[in-house]
Amino acid sequence: MTTNPYAWLEDSLSTIHKANWYRSVQRLQNRPGAVVKLEGQEVINFASNDYLGLAGDERLIEAAIIATQHYGTGSTGSRLLSGHRELHQELECAIASLKQTEDALVFSSGYLANIGAIAALVGKRDLILADQYNHSSLKNGAILSGATVINYIHRDMEDLKHQLVYHRHNYRRCLIATDSVFSMDGDLCPLPDILSLADQFSSMVLVDEAHATGVLGATGAGCVEHFGCTEHPLIQMGTLSKALGSLGGYIAGSATLIDFLRNRAPSWIYTTGLSPADTAAALTAVEIVQKEPQRRDRLWQNVEMLKSLIQQSLSALNILPSESPILCLQCPNVEDVLNMAQQLKAAGIFAPAIRPPTVPTSRIRISVMAIHEPTHLQLLVTSLLRGLV
Ligand SMILES: *Cc1c(COP(=O)(O)O)cnc(C)c1O
């Protein structure tokens with residue numbers, strides 16, 4: 001008799017349940033916005049990456065409809081075969097203009113952008129130095145590349161330097177990879193220090209601007225602009241799916257870099273081009289980011305207001321240090337954070353529990369949007385305080 005080769009799946013799931021790590025989806029039933037219908041209940045939405053409130057914007061919707069009518073639903077092939085449209089080029093120009101780089105390349109998701117770029121840039125003879133809290137796509141891109149991967153302590157420049165001193169000379173190329181806004185913490189990487197170490201040790205830098213694009217910097221270009229590092233040679237990655245309200249990802253940088261990736265990034269070459277609807281929506285979003293700085297101003301006013309409401313709560317709320325619209329309330333353990341998320345939901349607040357293995361310690365993750373009203377923020381803080389007692 002043979003044993004069922006799939007039986008281990010049930011065992012594995014029950015282990016996940018026992019650890020309280022089990023996850024499932026929740027249905028959102030209307031357009032994205034500050035207030036959404038979640039499993040039949042109206043809730044104030046603090047769970048969205050739609051920082052500027054563009055995912056439900058009429059102009060993006062209209063652009064997607066027009067592009068679909070003109071080009072159809074699918075792009076029908078990879079970009080190098082039948083999948084390239086004028087819209088893709090327009091979007092890549094617009095991203096390069098926003099990021100103040102020579103060129104940009106659009107991937108079908110941010111995850112694919114990171115995986116493809118890293119695998120193209122480094123290989124077996126090379127070294128990747130990575131912040132320990134990097135996004136899953138940077139981590140898996142690093143593994144896929146076959147390079148030696150060494151994590152450095154989160155934002156710790158002494159440790160990064162130490163690793164460079166001890167290991168850099170054993171490898172051909174070196175790539176330092178980091179989130180710019182850390183997605184599950186809300187703090188920023190010390191970009192100027194990273195760049196100066198990279199220069200000293202002849203290393204490339206890839207910075208993941210997923211949560212910074214459209215959010216940080218005077219013109220919304222991201223963390224690189226925020227830190228005044230726009231002129232520095234750099235590999236910038238970002239997504240079209242967060243503040244830009246669409247789907248897809250990008251790499252921005254020198255014309256040579258982009259030309260190289262078009263020839264060497266497997267997750268760009270061997271996948272279907274971004275759909276006309278997503279491309280057109282993202283293009284409209286980039287234009288809005290550039291033309292309507294008031295949206296970014298509103299976002300940061302909301303962030304400041306929420307931070308000051310939290311401070312007025314006499315610091316009863318244990319918030320992780322943040323320099324972004326992502327604020328995390330620390331919770332002692334998995335049970336507490338799940339209870340807290342449930343209580344918040346009962347009070348009409350949608351703010352997810354983030355727990356291991358995604359992060360080392362449990363937390364409620366709050367994302368502020370430009371379209372939140374002051375009353376939404378007030379209700380959030382009172383509900384958080386009530387959840388603590
Ligand atoms: C969301 C995210 C990505 C992936 O982007 P998608 O377009 O959603 O695939 C990559 N890096 C970071 C830091 C992210 O938060």
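Order of listing sets the numbers, starting from 1, for every ligand and every atom in it.
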Identify the closest protein heavy atom to [atom]: which residue and atom is it, and at what distance?
{"atom": "atom 6 (P) of ligand 1", "result": "G110 N, 3.4 Å"}
{"atom": "atom 11 (N) of ligand 1", "result": "D208 OD2, 2.5 Å"}
{"atom": "atom 9 (O) of ligand 1", "result": "Y111 N, 2.9 Å"}

Quick one: which ligand 1 atoms are inside 4.0 Å of a heavy atom on [X]?
{"X": "S137", "value": "10 (C), 11 (N)"}
{"X": "A210", "value": "2 (C), 11 (N), 12 (C), 13 (C), 14 (C), 15 (O)"}
{"X": "S183", "value": "15 (O)"}
{"X": "H211", "value": "14 (C), 15 (O)"}

**Report entry** Side-chain heavy-atom pair I143, N140 within 4.5 angstrom cut-off
**Finding:**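 The answer is yes; the side chains approach within 4.5 Å.
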
Query - Close side-chain approach of V224 and S180, heavy atoms under 4.5 Å - result: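 They are not in side-chain contact.
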
Query raised in the report: According to the interplanar angle, ranging from 0 to 90°, do the rings of H154 and F182 count as parallel (below 30°), tilted (30 to 60°) or perpendicular (above 60°)?
Result: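 H154 vs F182 ring planes: perpendicular.
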
Report task. Take every heavy atom of S241, measure it against each atom of ligand 1, and state whether any distance is under 4.0 Å. Result ->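 The answer is yes, since S241 has a heavy atom less than 4.0 Å from ligand 1.
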
Query raised in the report: So is G248 close enough to ligand 1, meaning a heavy atom under 4.0 angstrom away?
Result: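 The answer is yes: ligand 1 sits under 4.0 Å from a heavy atom of G248.
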
Query raised in the report: Quick check: does M237 get an N/O under 3.5 Å from an N/O on ligand 1?
Result: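 N/O-N/O distance under 3.5 Å: no.
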
Query raised in the report: Any nitrogen or oxygen of K242, main chain or side chain, under 3.5 Å from a nitrogen or oxygen of ligand 1?
Result: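 Yes.
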
Query raised in the report: Which pairs, with at least one residue in residues 223-242 and sequence neighbours excluded, count as a ring pair (Phe, Tyr, Trp, His ring centres under 6.0 Å)?
Result: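 Pairs touching residues 223-242 that pass the test: none.
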
Any salt bridge linking [X] with [Y]? Criterion: basic side-chain nitrogen under 4.0 Å from a carboxylate oxygen.
{"X": "E209", "Y": "K99", "answer": "yes"}
{"X": "D185", "Y": "R155", "answer": "no"}
{"X": "E58", "Y": "R31", "answer": "yes"}

Report task. May I ask you to check whether F46 and H372 place their ring centres under 6.0 Å from each other? Result ->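 Yes, the ring of H372 comes within the 6.0 Å limit of the ring of F46, centre to centre.
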
